[in-house]
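Just so you know, these numbers use all the heavy atoms, side chains as well, and skip hydrogens, waters and symmetry mates. Keep in mind that this is a model prediction, so the values were computed, not measured.
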Amino acid sequence: MSAYTLKQLSHFRVVADCGSFRAAAAELNLTQPPLSRQIRQLEDALGADLFDRSEKRIALTPEGHYLYRHGLQLLQHADSLTAGFRAFARGESGELRIGLTDDFLASPIYASALAFVAEHPGISVQTTMSISTDLLDRLRNRELDLIFTNLPLAYDEGEICTIKTPRTRFVVVVPADHPWSRRDKLHAEDLEGQPVILMPADATAPFAVQYRKLFAAEGVTTADCPRSDNPELQLQMAQHGIGLGLATEHSMSAKYPDLVQITLDHPLAYLEHGVLYRADEQSPALKRMVGALAC
């Protein structure tokens with residue numbers, strides 16, 4: 001390809017379509033001599049005449065017909081490549097690997113991310129849901145590009161950038177037929193001795209750290225109950241009356257219409273959140289999404 005250029009090939013196409021150098025030069029906004037030199041350089045590079053110049057209206061030689069037929073495909077591919085490259089550079093195409101905790105399922109910030117994806121169909125998105133510590137590890141290991149996670153987490157702010165999002169309140173989750181289902185709010189002391197479905201005792205996720213801090217502040221001890229660090233399993237257990245669910249206000253999906261959320265009223269009954277991404281990330285699609293979420 002170094003022997004000739006796409007520009008020469010494009011000019012050849014115009015000359016062939018117009019049937020004369022004069023008409024082609026006018027269409028290309030050139031004078032005829034520079035255009036003729038471009039075509040001659042192309043012929044020299046290929047080692048064959050492309051036009052029969054013996055008639056008043058030039059005609060393609062057999063070699064010219066071959067180049068026209070196959071050159072058009074090359075030019076079309078080049079146009080497609082250029083358009084695709086420009087879309088990628090504008091952040092309108094590419095790939096994004098997103099992670100989130102269940103606390104973002106119904107949150108406004110994640111809804112904004114979904115709206116961004118809908119507006120940019122050229123961006124391929126893969127989504128993973130897990131706990132905060134796992135998401136952070138995968139972000140650091142470059143397995144994820146962006147995470148919606150609970151805070152606080154231990155990370156170097158020079159390595160990881162943070163978009164702070166509004167905190168969410170703790171809610172107690174009960175079946176619709178539970179005696180508490182019509183209450184607007186509960187207090188920490190209401191959970192004393194109750195079977196609350198919690199994360200494992202050694203869990204280090206921010207949610208577990210925060211509710212342990214809340215229970216310690218009020219001296220609350222809950223009854224023994226099955227534990228799980230999987231939010232779906234916790235909700236399923238609450239749905240079957242195994243215990244009371246403890247979650248955040250945006251974490252419950254539409255799959256559980258028969259569960260009721262009751263606000264837990266306490267100064268420590270909340271969770272901080274953030275959107276995290278690597279500071280050295282250069283993906284145009286990610287930069288565009290981050291810009292949309294930061295607005």
query: Looking at side-chain heavy atoms only, is the closest gap between E63 and D49 below 4.5 Å?
result: no
query: Is there a donor-acceptor pair under 3.5 Å between the side chain of R278 and the backbone N or O of L139?
result: yes
query: Would L186 and L244 show up in the same hydrophobic cluster when neighbours are defined by side-chain heavy atoms closer than 4.5 Å?
result: yes
query: Any sub-3.5 Å donor-acceptor pair from S181's side-chain atoms to A176's backbone N or O?
result: yes
field: Qualifying residue for side-chain hydrogen bond (donor to acceptor under 3.5 Å, both in side chains) with D145, from R138, R97, Q126
entry: R97
- prompt: Are the side chains of R142 and D280 in touch, meaning some heavy atoms are under 4.5 Å apart?
  reply: yes
- prompt: With distance as the sole test, does E249 use its side chain to make a donor-acceptor pair with the main-chain N or O of V171 at under 3.5 Å?
  reply: no
- prompt: Considering only heavy atoms from C-beta outward, does the side chain of F116 approach that of I123 to under 4.5 Å?
  reply: yes
task: Without swapping roles, check the side chain of H266 against the backbone of L268 for a donor-acceptor pair under 3.5 Å.
output: yes
query: Are P206 and L153 side-chain neighbours, meaning at least one heavy-atom pair lies under 4.5 Å?
result: yes
task: Check for a donor-acceptor pair, side chain of R169 on one end and backbone N or O of Y270 on the other, with a separation under 3.5 Å.
output: no
query: Within the distance-only criterion (no hydrogens, no angle test), does the side chain of S93 pair as donor or acceptor with the backbone N or O of F88 below 3.5 angstrom?
result: yes
- prompt: Is S132 reaching over with its side chain to a backbone N or O of N150, donor-acceptor style, under 3.5 angstrom?
  reply: yes
Ring center gap for F104 and F148 short of 6.0 angstrom: yes
task: Could you tell me whether a side-chain N or O of R288 sits under 3.5 Å from a main-chain N or O of R90, the two making a donor and an acceptor?
output: yes
- prompt: Below 4.5 Å, heavy atoms only, C-beta onward: do D190 and W180 meet side chain to side chain?
  reply: yes
message: Looking at Q234 and S228, would you say the former's side chain and the latter's main chain have a donor-acceptor pair under 3.5 Å?
response: yes
Identified side-chain contact (heavy atoms from CB on, under 4.5 Å) counterpart of L146 within the set L135, L100, L96, L293: L293
P33 vs R37 side-chain heavy atoms within contact, under 4.5 Å: yes
- prompt: Can you name the side chain to side chain donor-acceptor pair (under 3.5 Å) partners of Y68, sequence neighbours left out?
  reply: D17
query: Quick one: does L42's side chain get under 4.5 Å of L67's, heavy atoms only?
result: yes
Minimum heavy-atom distance P166-H273, with the two atoms named: O-CD2, 3.5 Å
field: Donor-acceptor under 3.5 Å (H240 side chain, I242 main chain)
entry: no
- request: Assess the side chains of S54 and D52: does a donor N or O sit below 3.5 Å from an acceptor N or O?
  value: yes
message: In the structure I gave you, are the side-chain heavy atoms of Q8 and H11 within less than 4.5 Å of one another anywhere?
response: no
